Every structure is written in C-alpha cells, then in structure tokens.
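Reading through the structure tokens given below for one structure.
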Amino acid sequence: ERILFAVEDGQVTMVTQISYQGRADDFAWVLPLPDVPDVASLDTFPQAALGALDANTGPQFRMPEECWASAELDASGSPGGARDGEDGDVTVHIREEVGPYDVAVVESSDPMRLVEWLRGNEFRVTDPMLPYIELYTEEGMKFLALKLQPDSDVSDIQPFRLTLPGQAPSVPIRLTSLAAEPEMGILVFVL
C-alpha cells in the first residue's frame, strides 16, 4: 500500500493506492476519518504519478561485495455533490460517484447502526471489522466507504484522493491490518 500525505495551510490531502485481488462486487474500502473531507477534493489520482514518486525517492542500497558473505537474512529476506442527512441513526455527510467508485462518508454514535447502514448500502463489512468499527465509533470518527460502481471492474481501481482539515496525517493501522496480506508493507510519503 502506498499513501501520500500533503500537509499545507491547515489541511491534509491523502492519496491512497488501493491494491485488491478478487471479484469487483466484493471490493469495499472502509476508512475511519477524524473529520468530513472537502467534497470537492474527492477524486482519483494517476497511478503513474505514485509510481514515479516511489521510483524517484526510494532508497538505494549498495553493499560492498565482501559484505554479502556475512549478511544474514531472515526468511522474509530482510536484514535482521454532497448532502448531509440522517438515515436512521446514521448521518450521511457525503454520497457521491467519484471515478469508478460509489463514495459515502457516514457517522453514527451507534456502531451497529453504522454497520447496518453500510451493509444495507452494499458496502462490504466483515465480522472481524466489527470491533474496530466499534472502537473508531467510540473515538468519534467518521467513515469513508468506497465500493466499485456496478459497471466498474477491478481493473478500474485507481488511487483515491481526499482533503481533510488539520495538520496531522494518520494511517488507521487497526482496520488496515484486517484487509492486508501478512507482512504487507505500507509506504508513506509526507510532503
């Protein structure tokens, strides 16, 4: 996963590369947020731009030949148009189509109502996600939910961009750990 944060003028813009393998109807991404993003900031982002950023900023290691014999590697190979509304007990801050995505930003003080709303609107929420959604809800977080529009395919998945008020970028590791592959790396750029 690659995430780019740009912090400027009291706002944090976040671009996340979403990698996914599976069926298009099973794709959903649920991200806790401290605030409601600027609806005008919701957009896709060129995959090539993230790839170029990664290629041009990645560290390069050149070990002298005599060091290779003594380097011990472990098994992994590593050294050592918005609307605000109520839908039951769920507040819908944003419901938009953005590129290939159906996007919602929602919140509730009741985590089960939030999950019911997400599931009722066909955003995939698995049972292992429930304790984390409850925890983030207790912390007062809102949730960005993405799913592919019915006419979109997995090949249409693109990085997603949003802008929030604030100065502190954050990566919601608790929920990310459920959707991630074991030992999945997260690369974060902060500008």
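All figures in this text were calculated on a predicted structure; none of them were measured in a lab.
To the nearest 0.5 Å, atom OG of residue S108 and atom CD1 of residue I133 are 11.5 Å apart. Of the inter-residue distances, the one linking E134 atom CD with D110 atom CG reads 9.5 Å to the nearest 0.5 angstrom. Between the CZ atom of F5 and the CG atom of L191 there is a distance of 11.0 Å, given to the nearest 0.5 Å. Note that CG of L114 is 11.5 Å distant from NZ of K142, once rounded to the nearest 0.5 Å. The CG atom of L33 sits 10.0 Å away from atom NE2 of H93, with the distance rounded to the nearest 0.5 Å.
Using a 4.0 Å cut-off between charged side-chain N and carboxylate O, D127 and R119 make a salt bridge. Salt bridge present: R95 and D102 bring a charged side-chain N and a carboxylate O closer than 4.0 Å.
Shortest non-hydrogen contact noted between D35 and L164 is O-CD2, 3.2 Å. Heavy-atom minimum distance, R124 versus D26: CD-O, 3.1 Å. Nearest heavy-atom pair, V7 versus P169, reported as atom, atom and distance to 0.1 Å: CG2-CG, 3.6 Å. Minimum interatomic distance between V98 and Q149 (heavy atoms only, all atoms of both residues): N-NE2, 4.1 Å. Shown here for V12 and A168, the closest heavy-atom pair between the two residues is CG2-N, 3.9 Å. R161 and A40 get closest at one heavy-atom pair: NH2-O, 4.4 Å.
Using a 4.5 Å heavy-atom threshold, the side chains of F123 and L146 count as separate. Contact of the M141 side chain with the P34 side chain is registered, since non-hydrogen atoms from C-beta on lie closer than 4.5 Å.
If you run side chain to side chain contact (heavy atoms under 4.5 Å, CB included) between T16 and each of F45, F160, W29, only W29 comes through. In summary, of the residues considered (E8, M14, Q11), a side chain to side chain contact (heavy atoms under 4.5 Å, CB included) with T163 occurs for Q11 alone. With E107 as the partner, the side chain to side chain contact (heavy atoms under 4.5 Å, CB included) test is satisfied by one option alone out of T91, V90, D89: T91.
At least one donor-acceptor pair under 3.5 Å links the side chain of K147 to the backbone N or O of N121. A side-chain donor-acceptor contact under 3.5 Å links R2 to the backbone of L50.
Within 6.0 Å of the CD atom in Q47, the count of heavy atoms belonging to other residues, nucleotides or ligands exceeds 12. More than 12 heavy-atom neighbours from other residues, nucleotides or ligands sit within 6.0 angstrom of CD on Q167.
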I would like to know whether L144 and I94 meet side chain to side chain contact (heavy atoms under 4.5 Å, CB included); could you show each step before the answer?
-> CA-CA 9 Å; L144 168 74; I94 297 172; over 6 Å; no
Show the numbers, then the answer: is there a side chain to side chain contact (heavy atoms under 4.5 Å, CB included) between Y20 and V154?
-> CA-CA 8 Å; Y20 173 74; V154 172; 3.9 Å; yes
Using the side chain to side chain contact (heavy atoms under 4.5 Å, CB included) rule, take F189 and V15 through it: C-alpha gap first, then chi angles, then the decisive distance, then the call.
-> CA-CA 10 Å; F189 299 95; V15 175; over 6 Å; no
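Hydrophobic clustering (ILVMFWY, side-chain heavy atoms < 4.5 Å, transitive): V30 and L130 are in one cluster.
Note on ring orientation: taking the six-membered ring where Trp is involved, the planes of F143 and Y136 are perpendicular (angle over 60°, cut-offs 30° and 60°).
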